[in-house]
Amino acid sequence: MVVLAKPAALEQISLVRSPSVEDNFGAGLPVVDLAADGAAGEVVRACERFGFFKVVSHGVGEGVVGRLEAEAVRFFASPQAAKDAHGPASPFGYGSKRIGRNGDMGWLEYLLLAIDGASLSRSSPAPSSSLRDAANKYVGAMRGMARTVLEMVAEGLGVAPRGALADMVVGDGAASDQILRLNHYPPCPPLLQNLMPNCSPTGFGEHTDPQLISILHSNSTSGLQVALHHDADAGDHQWVTVPPDPASFLVIVGDSLQVMTNGRMRSVRHRVVANKLKSRVSMIYFGGPPLEQRIAPLRQLLVAGVGDGEEEEQSRYEEFTWGEYKKAAYLSRLSDNRLAPFHRQPPPVANPLA
Ligand SMILES: C=C1C[C@]23C[C@H]1CC[C@H]2[C@@]12CCC[C@@](C)(C(=O)O1)[C@H]2[C@@H]3C(=O)O
Ligand SMILES: O=C(O)CCC(=O)C(=O)O
């Protein structure tokens, strides 16, 4: 009997079936032109149906993206000891393979940077002043896009003021909780490819993002997959590959936006599968609110459409603050359904025979 052993470097990293062209999203990929008339409606439709969308006509200069990506590539190409000097990530700093504190492992290395207001936090360990400058410009652009998108969400849902959601994340003076993450996924090791040609290492295991929204950019290397919604919570999901497009961004709905829209919008499970041949480099901005922010459905969504004498819509979730949710998230495993403990039991159905 031949026993196939995984290469040692991959021992604790799970393998998944290598994506094929049939897994590609194809024509159904939700794309929103942020500059077009009716964009707010398109944003809402995409967030309700898929929990993510691709953004084109975003107005972010190529230079802003290219500069930070070049800094990320330069940092990840530096000697291991130089990178380790900025780690281990706890949670901020340089990390390799370990994700979070609870045993999750992926075929990647990353730099997790804290943001304070409109720029990187002074205490965040940016490895060089050139990376810090490039990251600050990039964060400025991401904050602008987060504002545009969250204002469109409010407008599209009929919530006033327009800034109700955006101000939580990018409001002047809001002590919001924003993070920037630079990820590098090396190609799948050749040894594994020879042993198991149909398998690839998990780059970043499946998860939903806890914040309101995330904005993702990647180079031209594929690897990102999203779960189609049918019944993702019940584990019944189909993984679909989102083809990379460095000229665009992906907006991803997080758990907090799901709750604030009382489940109209759904946070989307996503994962990265390491590419067989090329390195993937991604940059993600995570937009969360201040720690004391109450995470509960927007009042106007609960009363919308309710006539005189009719009962208003009930929240589907127990109330919590972002600080409480974040604390619980950091104690969880990546693939956990972090919202499940906060789901309210539906009220008992009255027995018509009683
Ligand atoms: C197992 C993990 C790893 C976590 C915390 C916990 C559950 C969710 C993960 C994320 C996912 C979104 C970005 C991040 C920065 C976040 O806020 O939650 C991640 C964080 C980390 O990579 O450290
Ligand atoms: O690298 C990617 O494309 C996605 C990474 C991701 O989901 C994350 O960093 O939370």
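Numbering starts at 1 and runs along the sequence shown. Whatever order the structure lists ligands and atoms in, that order sets their numbers, starting from 1.
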Examine ligand 1 and decide if any of its atoms is less than 4.0 Å from a heavy atom belonging to Arg338.
-> yes
Flag the pair Arg181 and Asp209 as a salt bridge only when some basic side-chain nitrogen lies within less than 4.0 angstrom of an acidic carboxylate oxygen.
-> no
Are Val139 and Val281 grouped together when hydrophobic residues (ILVMFWY) are joined by side-chain heavy atoms under 4.5 angstrom apart?
-> no
Is Arg271 near ligand 2, meaning one of its heavy atoms is under 4.0 Å from it?
-> no
Within a distance under 4.0 Å of any heavy atom of Leu216, pick out the atoms of ligand 2 and give their elements.
-> 2 (C), 3 (O)
Atoms of ligand 1 under 4.0 Å from any heavy atom of Arg181, numbered from 1 in the order shown, are 15 (C), 19 (C), 21 (C), 22 (O)
Output the list of atoms in ligand 2 that are nearer than 4.0 Å to some heavy atom of Ser282, sorted by atom number.
-> 1 (O), 2 (C), 3 (O)
of all protein heavy atoms, closest to atom 17 (O) of ligand 1 is Gln211 NE2, 2.9 Å
Under 4.5 Å between any side-chain heavy atoms of Val253 and Arg266, yes or no?
-> no
Is a salt bridge present between Arg264 and Glu48, judged by a nitrogen-to-oxygen distance below 4.0 Å?
-> no
Can you tell me the protein heavy atom closest to atom 10 (O) of ligand 2 and the distance?
-> His207 NE2, 3.2 Å
Side chains of Met168 and Trp322: does their closest heavy-atom pair fall under 4.5 Å?
-> no
Among all protein heavy atoms, pick out the one at the shortest distance from atom 3 (O) of ligand 2; state its residue, atom name and that distance to 0.1 Å.
-> Arg280 NH2, 2.6 Å
Does the N or O separation between His207 and ligand 1 drop below 3.5 Å for any pair?
-> no
Fit a plane to each ring of Phe342 and Phe320, take the angle between them on a 0 to 90° scale, and name the class: parallel (under 30°), tilted (30 to 60°) or perpendicular (over 60°).
-> tilted
Looking at atom 4 (C) of ligand 1, is any protein heavy atom nearer than 4.0 Å to it?
-> no
With respect to atom 12 (C) of ligand 1, which of Ile179, Asp177, Asp209 exhibits the smallest heavy-atom separation?
-> Asp209
Which heavy atom of the protein is the closest neighbour of atom 10 (C) of ligand 1, given with residue, atom name and distance?
-> Pro210 CD, 4.3 Å
Element-labelled atoms of ligand 2 that are located less than 4.0 Å from some non-hydrogen atom of Asn183 = 1 (O), 5 (C), 9 (O)
Taking only heavy atoms of His270, which atoms of ligand 2 are found under 4.0 Å from at least one of them?
-> 7 (O)
Sub-4.0 Å atoms of ligand 1 with respect to non-hydrogen atoms of Phe286 = 12 (C), 13 (C)
For ligand 2, which atoms, with element, lie under 4.0 Å from some heavy atom of Arg181?
-> 9 (O)
Among protein heavy atoms, which sits nearest to atom 8 (C) of ligand 2, and what does the distance come to when rounded to 0.1 Å?
-> Ile284 CD1, 3.4 Å
Please determine if Lys327 and Glu324 form a salt bridge, counting it only when a charged side-chain N lies under 4.0 Å from a carboxylate O.
-> no
Nearest to atom 9 (C) of ligand 1, what protein heavy atom do you find, and at what distance?
-> Leu334 CD1, 3.8 Å
Taking distance alone, with no angle check, do Ser332 and ligand 1 share an N/O pair under 3.5 Å?
-> no
Determine whether the aromatic ring centres of His343 and Tyr317 lie less than 6.0 Å apart.
-> yes
Side-chain contact test, heavy atoms from C-beta onward, threshold under 4.5 Å: evaluate it for Leu165 versus Val159 and give yes or no.
-> no
Proximity flag Asp104 to ligand 1, non-hydrogen atoms under 4.0 Å | yes
Applying a 4.0 Å heavy-atom criterion (strictly less than), which segment of Tyr185 is in contact with ligand 2: side chain, backbone, both, or neither?
-> side chain
Aromatic ring proximity Tyr285/Phe249, centre distance under 6.0 Å | no
Would you find a donor on one side and an acceptor on the other, under 3.5 Å apart, between the side chain of Asp336 and the backbone of Arg338?
-> no
Just by distance, do the side chain of His207 and the backbone of Arg333 share a donor-acceptor pair under 3.5 Å?
-> no
Donor-acceptor pair, side chain of Ser282 and main chain of Ser218, under 3.5 angstrom | no
Note: Ala329, heavy atoms under 4.0 Å from ligand 1, region reported as backbone
How far is atom 4 (C) of ligand 2 from its nearest protein heavy atom, and which residue and atom name does that atom have?
-> Val272 CG2, 3.5 Å
Within-4.5 Å side-chain heavy-atom neighbours: Val251 and Val43 | no
Could you find the nearest protein heavy atom to atom 15 (C) of ligand 1 and give me its residue, atom name and distance?
-> Tyr330 OH, 3.6 Å
